Amino acid sequence: QVQLVESGGGLVQAGGSLRLSCVASGRIFAAYGMGWFRQALGNEREFVAGISWRGDKISYADSVKGRFTISRDNAKNSLYLQMNSLKPEDTAVYFCATRSPEYYDRSFSASELYGYWGQGTQVTVSS
């Protein structure tokens with residue numbers, strides 16, 4: 001079992017920044033690929049960013065490229081998402097998720113490959 005807890009969400013004006021954190025407990029965190037997803041009200045969940053367990057593979061959704069940065073600290077069992085130049089359309093509940101090392105070569109955007117999910121943290125960007 002892996003437990004994930006997100007934090008760092010909140011209300012911010014357009015153009016502002018937030019840093020989301022996700023702390024994992026349970027199984028060995030370091031071996032798992034990690035991802036951030038988000039779900040806006042009335043929309044389906046969508047991929048935001050993903051990172052391999054060594055950090056050598058990183059992927060972003062086109063909508064956040066150049067604005068968001070994903071990182072991880074395996075020593076702290078933590079995953080981060082630095083979000084800059086936020087836009088109202090970034091408003092959503094943000095979830096972190098883990099996936100087994102066997103999916104190392106698979107696309108980060110495939111949500112069905114993630115076995116564990118956090119409860120989410122709300123990000124609201126006002127215009």
Side-chain angles (χ1 to χ4, degrees):
Q1 281 288 80
V2 175
Q3 294 79 41
L4 303 171
V5 179
E6 303 96 335
S7 62
L11 174 63
V12 63
Q13 288 188 332
S17 299
L18 283 174
R19 188 191 193 210
L20 304 184
S21 299
C22 172
V23 178
S25 60
R27 285 188 176 175
I28 299 174
F29 170 83
Y32 283 69
M34 302 289 296
W36 286 101
F37 290 76
R38 66 187 182 187
Q39 186 168 18
L41 192 63
N43 290 357
E44 294 187 352
R45 186 165 54 191
E46 65 175 2
F47 169 73
V48 176
I51 186 169
S52 63
W53 68 276
R54 289 179 298 187
D56 57 329
K57 292 179 61 176
I58 290 177
S59 177
Y60 295 99
D62 288 343
S63 59
V64 306
K65 278 181 182 176
R67 299 188 299 121
F68 290 10
T69 303
I70 189 172
S71 62
R72 64 189 294 167
D73 185 341
N74 290 339
K76 296 182 179 180
N77 287 350
S78 294
L79 174 74
Y80 306 101
L81 185 68
Q82 178 66 43
M83 305 186 296
N84 299 329
S85 302
L86 283 161
K87 305 175 181 180
E89 51 263 44
D90 294 318
T91 295
V93 177
Y94 284 70
F95 300 90
C96 67
T98 72
R99 67 181 198 179
S100 172
E102 67 185 289
Y103 300 127
Y104 177 79
D105 290 323
R106 301 286 297 275
S107 170
F108 284 112
S109 63
S111 61
E112 67 274 14
L113 300 181
Y114 291 80
Y116 298 97
W117 294 78
Q119 83 290 345
T121 185
Q122 176 71 47
V123 171
T124 303
V125 185
S126 62
S127 57

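All values reported here derive from a predicted model rather than from experimental measurement.
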hydrophobic_cluster_shared for Phe68 and Ile70, side chain cutoff 4.5 Å: yes
Distance check, rounded to the nearest 0.5 Å: Ser7 atom OG versus Tyr94 atom OH? 15.0 Å
Has the side chain of Gln39 got a donor or acceptor atom that lies under 3.5 Å from a matching backbone atom of Ala92? no
List the atom of Ala14, the atom of Pro88, and the distance in Å for their closest heavy-atom pair. CB-CD, 4.1 Å
Indicate, with yes or no, if Val64 and Val12 share a hydrophobic cluster defined by side-chain heavy-atom contacts under 4.5 Å among Ile, Leu, Val, Met, Phe, Trp and Tyr. yes
For Leu113, the hydrophobic cluster (side chain heavy atoms closer than 4.5 Å, chained through members) also holds Tyr103
Nearest 0.5 Å, what's the OG-CE distance between Ser71 and Met34? 11.0 Å
Hey, does the side chain of Thr91 reach the backbone of Val125 with a donor-acceptor pair shorter than 3.5 angstrom? yes
Hydrophobic cluster membership, with links at side-chain heavy-atom distances under 4.5 Å among I/L/V/M/F/W/Y: are Met83 and Leu79 in one? yes
What's the shortest heavy-atom distance between Val2 and Ala24, and which atoms? CG1-CB, 4.5 Å
Any sub-3.5 Å donor-acceptor pair from Arg67's side-chain atoms to Ser63's backbone N or O? yes
Ignoring hydrogens and angles, tell me if any N or O in the side chain of Tyr104 forms a donor-acceptor pair with the backbone of Gly33 under 3.5 Å. no
Which residues pass the ring pair (Phe, Tyr, Trp, His ring centres under 6.0 Å) test with Tyr80, sequence neighbours left out? none
Run the ring pair (Phe, Tyr, Trp, His ring centres under 6.0 Å) test against Phe37 and tell me which residues pass, sequence neighbours left out. Phe47, Tyr114, Trp117
Report yes if some heavy atom in the side chain of Cys22 is under 4.5 Å from a heavy atom in the side chain of Phe95; otherwise report no. no
Within the distance-only criterion (no hydrogens, no angle test), does the side chain of Arg38 pair as donor or acceptor with the backbone N or O of Val123 below 3.5 angstrom? no
Kindly give the heavy-atom pair with the smallest separation between Gly8 and Leu18, and that separation in Å. O-CD2, 3.8 Å
I need the Glu112 CD to Arg99 CZ distance, nearest 0.5 Å. 10.0 Å
How far apart are the closest heavy atoms of Leu4 and Ala97, and which atoms are they? CD1-CA, 3.8 Å
Taking only Lys NZ, Arg NE, NH1 and NH2, and the carboxylate oxygens of Asp or Glu, determine whether Lys87 and Asp90 approach each other closer than 4.0 Å. no
Atom CG of Leu81 and atom CZ of Arg72: how far apart are they, to the nearest 0.5 Å? 13.5 Å
Main-chain N/O of Thr69 paired with Gln82 side-chain donor or acceptor, under 3.5 Å: no
Shared ILVMFWY cluster between Val5 and Tyr116, side chains joined below 4.5 angstrom? no
Working to the nearest 0.5 Å, report the span between CH2 of Trp53 and OG1 of Thr98. 15.0 Å
For Gln13, does the CD atom sit with more than 12 other heavy atoms under 6.0 Å from it, leaving out its own atoms? no
Which distance, rounded to the nearest 0.5 Å, do you find between the CH2 of Trp36 and the CG of Leu20? 4.5 Å
Closest contact, heavy atoms only, Phe108 versus Ser59: CD1-CB, 3.6 Å
